[in-house]
Amino acid sequence: MTDDIRKAFPILQETINGHPLIYMDNAATTQKPRQVIDAISRYYLHQNANVHRGVHTLSQKATDLFEASREEVRSFLNAPSTEEIIFVRGVTEGINLIAASFGRSQLNAGDEIILSGMEHHANIVPWQMLARELKFSIKVIPFNDRGELDLEAYQEAFSPRTRLVGVVHVSNVLGTVNPVKEMTAIAHEHGVPILVDGAQAIAHEKVDLQDLDCDMYVVSGHKAYAPTGIGALYVKKKHLESWPPYHGGGEMIEEVAFGKYPTFASLPYRFEAGTPHMSGVVGFAEALRFIRNTGYDVIQAHEQKLLEHGRRQLSAIPGLTFYGDAERKTSIFSFLIKGIHPLDIGSFLDARGIAVRTGHHCAQPVMQRYGIPGTARASLTIYNTTDEVDYLAESLRDLVKLFT
Ligand code: PMP
């Protein structure tokens, strides 16, 4: 099975520093299957024209493809309506859109929002920038040593001034799968909307938005086999209808004249100013078809096997400490080895063709929580193998020997 999946990813044939590429930096971005690369080529070879504008046939074809891709995203996430699916560049833009539109229009001095302590900077910084301006405050849900959120502290964080909860579905450092359905129910008991950052989720976890019932959900295509620069923001229509537009420009208006305020297009177009990333959208839809055809049962069974295998192999390395050991987690290993700087771990592995990430992973508060400057992170996905994990472990053992 894994062989067939590996064959679908041409880049896995590359050699790096004289060694076969072992790509374990999937939380940063995944590789792309041939069908996604082909869909993008096909788009430029046969289908390219600007969407929503032309009467000409090619433009209509491109528009149909673009809107069919939106429907693919809707059905993949089981969102109620395509009116609630806004194409954005990724999670960063999606959250900035929420902050600029909802945040700026509905948050006031003295209000509060709740964020988890394991957020990526993308779900911290936009709120901190706005909080300074509007003078609302940010409460933080702590997490335990294993990397699990403290749900009691979460419950206690609500006050009559709470206006929003923001939580990451799957932590990009710890791999923790947060109980976002339960957290949504709790937020709703307090009448508060909840935003879920799904950047690390959709490659690994089935997301059913009607079941989750969260108010906003945002994804980056490139972390789930799609190209960079494309993602989707889901917002419940009941919220979106009252939000002011984010970017102004072409495509998002109904009528523009000098001397009066413009009127805006219907949903979701009101939130999609300018020419969109059309080939990206097409590639995104194809990547979702790849996940759908592979099946989450297959994906999860494989990745959980990698997780178990990796835990066993890596925990035998002298001096290695894991960060993130939640009951429910994806196949991410964040670790440090006593006496060895994470950068040295990364460079040593790179020389053997193994790509891992080192540093704070854009989640500095997580590092502060553990009192560490950073970690080495091996993030595995559907095309990684237990043999690769063995080679990682063997290489780390060699590294430890070198240092002792
Ligand atoms: N949230 C999480 C949990 C992430 O892992 C990332 C990417 N590292 C982001 C947000 C930001 O995503 P993007 O860079 O695609 O906007």
Side-chain angles (χ1 to χ4, degrees), residues 23-32 36 73 86-100 115-129 140-141 143 147-149 165-180 183 194-205 207 214 216-234 246-247 277 280-281 283-284 287-288 303 323-324 326 328-334 355-367 369 374-381:
Y23 188 76
M24 295 187 168
D25 195 15
N26 294 288
T29 198
T30 60
Q31 299 302 345
K32 318 306 170 198
V36 168
V73 176
I86 300 163
F87 285 122
V88 287
R89 279 186 291 154
V91 168
T92 304
E93 186 181 36
I95 295 175
N96 275 277
L97 187 161
I98 298 169
L115 299 177
S116 97
M118 61 173 82
E119 295 309 299
H120 185 280
H121 296 165
N123 201 20
I124 302 175
V125 181
W127 300 113
Q128 289 181 323
M129 288 162 66
V140 181
I141 314 163
F143 58 89
E148 294 164 327
L149 290 177
V165 172
V167 63
V168 70
H169 193 164
V170 176
S171 160
N172 64 314
V173 180
L174 309 166
T176 310
V177 181
N178 285 314
V180 286
M183 293 178 78
I194 180 166
L195 149 66
V196 180
D197 169 356
Q200 298 292 340
I202 58 165
H204 315 285
E205 287 278 315
V207 174
C214 61
M216 300 149 227
Y217 196 93
V218 60
V219 299
S220 289
H222 72 99
K223 301 207 191 256
Y225 313 113
T228 52
I230 189 66
L233 168 64
Y234 158 81
Y246 168 51
H247 287 154
H277 184 9
V281 164
F284 187 20
L288 299 182
E303 292 180 358
Y323 295 90
R328 282 217 60 219
K329 69 168 282 184
T330 57
S331 44
I332 285 183
F333 300 101
S334 264
V356 301
R357 180 146 298 235
T358 61
H360 55 65
H361 317 295
C362 297
Q364 287 183 0
V366 175
M367 303 303 138
R369 159 68 178 77
T375 68
R377 180 187 71 186
S379 50
L380 312 185
T381 194

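Whatever order the structure lists them in is the order used to number ligands and atoms, beginning at 1. Computed from a predicted model, the values in this text were never measured in an experiment.
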(request) Please indicate whether Arg369 has more than 12 foreign heavy atoms, meaning atoms of other residues, nucleotides or ligands, lying under 6.0 Å from its CZ. (result) yes
What are the distances between nitrogen or oxygen atoms of ligand 1 and protein nitrogen or oxygen atoms, counting only those under 3.5 Å?
| unit_1 | atom_1 | unit_2 | atom_2 | d |
| --- | --- | --- | --- | --- |
| ligand 1 | 1 (N) | Asp197 | OD1 | 3.4 |
| ligand 1 | 1 (N) | Asp197 | OD2 | 2.5 |
| ligand 1 | 5 (O) | Gln200 | NE2 | 2.7 |
| ligand 1 | 8 (N) | His120 | NE2 | 3.2 |
| ligand 1 | 8 (N) | Lys223 | NZ | 2.7 |
| ligand 1 | 15 (O) | Ser220 | OG | 2.7 |
| ligand 1 | 15 (O) | His222 | NE2 | 2.8 |
| ligand 1 | 16 (O) | Val91 | N | 3.4 |
| ligand 1 | 16 (O) | Thr92 | N | 2.9 |
| ligand 1 | 16 (O) | Thr92 | OG1 | 2.5 |

(request) Taking Thr176 for its side chain and Asn178 for its backbone only, find out whether a donor-acceptor pair lies under 3.5 Å. (result) no
(request) Can you sort out the partners of Glu303 under salt bridge (Lys or Arg N to Asp or Glu O under 4.0 Å), two or more places apart, ordered by chain and number? (result) none
(request) Kindly say whether His361 contributes a backbone atom to a donor-acceptor pair with the side chain of Asn172 at under 3.5 angstrom? (result) yes
(request) May I ask you to decide if Thr30's main-chain N or O and Lys32's side chain share a donor-acceptor pair within less than 3.5 Å? (result) yes
(request) Flag the pair His360 / His121 as yes when their ring centroid distance falls below 6.0 Å, and as no otherwise. (result) yes
